[in-house]
Undergrad: 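Have a look at this one before I ask anything.
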Amino acid sequence: MCQPGEITTIRFSDAELAEIKKNPPRDLSHIDPNKPMLALTFDDGPCKHTERLLDIFAQHGGKGTFYVVGNLIDERPDALKRMVAEGHEVGGHSWGHKDLSELSTEGIREQLMKTKEKIHEVTGYWSVTMRPPWGNVNDRVRTVAKESGLSMILWSVDTLDWMLQDADKVYESVMSQVKDGAIILMHDLHGTTVDAMERVIPELLAQGYQLVTVPELLLFNDGTMDPGKEYSSR
Ligand code: NI
């Protein structure tokens, strides 16, 4: 899935960097503080199943968060445009699905900023969160993420959907682990995961869960979300 992308070093002016780092204020008035909420997150796309997942959200309601691999974006720019237009959140999952903790500072910067720039080029949106592949971070990654205006999003529920590869088992994995404030890790790369979402999304909504994006989940607490910091739940 991840061909080695052509990496060029990105250099921005101070004014561009200020724009890139800004974390725009969001209207959270649609979120009910008296009802539980959680964030469904999907890594490793965009891929052939991604738009079907967007269709499921469009049919039932709720929003998702997509952590996309930079070098796959040009294959499916329409999927990213739909994510932003339909109120979902999009962030980077590195340019080439790299273990960021094994890279130099400059290498990390290329992986994060080239992806952030590509998301902006396609959607007009400067992403404010990213997910490090395998959740691997270290102090170099924290420093570059902070410079790049990116909060690092881990998870509190690991569905193991990539291993299960079975829609019924993914459904059971999600439904048995959900709780208020959770960030749930899944992969739209797998058709079985998207199949499971045909049941999971309406079922969670029926149980009263608000399916919010990661920034909505985090900002709902006290209105802050710090670049360079790791978050795994509300
Ligand atoms: Ni991944």
Side-chain angles (χ1 to χ4, degrees), residues 1-5 7 38-54 64-77 79-80 83 88-103 107-119 122-123 127-138 140-142 144-145 148 150-167 169-170 173-174 177 182-197 200 213-215 217-218 228-233:
M1 54 161 272
C2 299
Q3 299 91 358
I7 301 277
L38 54 81
L40 301 177
T41 69
F42 302 93
D43 290 7
D44 294 357
C47 66
K48 64 181 179 181
H49 308 294
T50 304
E51 292 215 58
R52 184 158 66 90
L53 178 52
L54 292 170
T65 301
F66 294 84
Y67 289 112
V68 296
V69 177
N71 69 15
L72 298 178
I73 293 171
D74 272 341
E75 290 177 30
R76 291 185 170 81
L80 266 77
M83 288 170 194
H88 305 288
E89 187 71 20
V90 58
H93 191 48
S94 83
W95 182 259
H97 208 280
K98 297 289 186 193
D99 182 344
L100 299 174
S101 68
E102 292 185 346
L103 301 182
I108 296 163
R109 189 172 288 127
E110 289 167 353
Q111 290 289 321
L112 299 193
M113 286 309 301
K114 191 169 181 185
T115 305
K116 182 159 171 159
E117 166 72 3
K118 176 58 77 176
I119 292 169
V122 167
T123 68
S127 54
V128 294
T129 64
M130 60 79 90
R131 172 165 283 150
W134 302 283
N136 289 350
V137 303
N138 59 16
R140 286 196 304 280
V141 179
R142 292 182 187 97
V144 176
S148 309
L150 292 164
S151 302
M152 299 185 289
I153 308 305
L154 305 180
W155 53 86
S156 57
V157 171
D158 188 349
T159 62
L160 299 176
D161 63 328
W162 57 273
M163 189 179 74
L164 295 170
Q165 295 275 350
D166 178 299
K169 289 178 181 167
V170 173
S173 177
V174 176
Q177 296 188 81
I183 295 176
I184 299 179
L185 174 64
M186 292 178 284
H187 302 78
D188 51 327
L189 182 64
H190 302 297
T192 44
T193 296
V194 177
D195 294 343
M197 292 306 103
V200 165
T213 67
V214 163
L217 185 80
L218 298 177
K229 190 174 162 190
E230 294 133 84
Y231 295 90
S232 56
S233 66

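Whatever order the structure lists ligands and atoms in, that order sets their numbers, starting from 1.
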Undergrad: Any idea how many protein N, O or S atoms are nearer than 2.8 Å to the Ni ion (ligand 1)?
TA: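 With waters ignored, the protein N/O/S count below 2.8 Å is 3.
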
Undergrad: I'd like to know if the side chain of Q177 reaches the main chain of V174, judged simply by a donor and an acceptor atom lying under 3.5 Å from each other, with no hydrogens or angles considered.
TA: no

Undergrad: Going through the checks in order, is the ring pair (Phe, Tyr, Trp, His ring centres under 6.0 Å) test met by H93 and W134?
TA: CA-CA 10 Å; H93 191 48; W134 302 283; 7.8 Å; no

Undergrad: Side chains of S101 and N138: donor-acceptor distance under 3.5 Å anywhere?
TA: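 No, no side-chain donor-acceptor pair sits under 3.5 Å.
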
Undergrad: Run R76 and L80 through side-chain contact (heavy atoms from CB on, under 4.5 Å) and show every step you take.
TA: CA-CA 7 Å; R76 291 185 170 81; L80 266 77; 5.8 Å; no

Undergrad: Closest heavy-atom contact between F42 and T193?
TA: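 For F42 versus T193, the nearest heavy atoms are CE2-CG2, 4.4 Å.
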
Undergrad: Pick one: which of I184, L217, V214 meets side chain to side chain contact (heavy atoms under 4.5 Å, CB included) with T41?
TA: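 For T41, the side chain to side chain contact (heavy atoms under 4.5 Å, CB included) check succeeds only for V214.
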
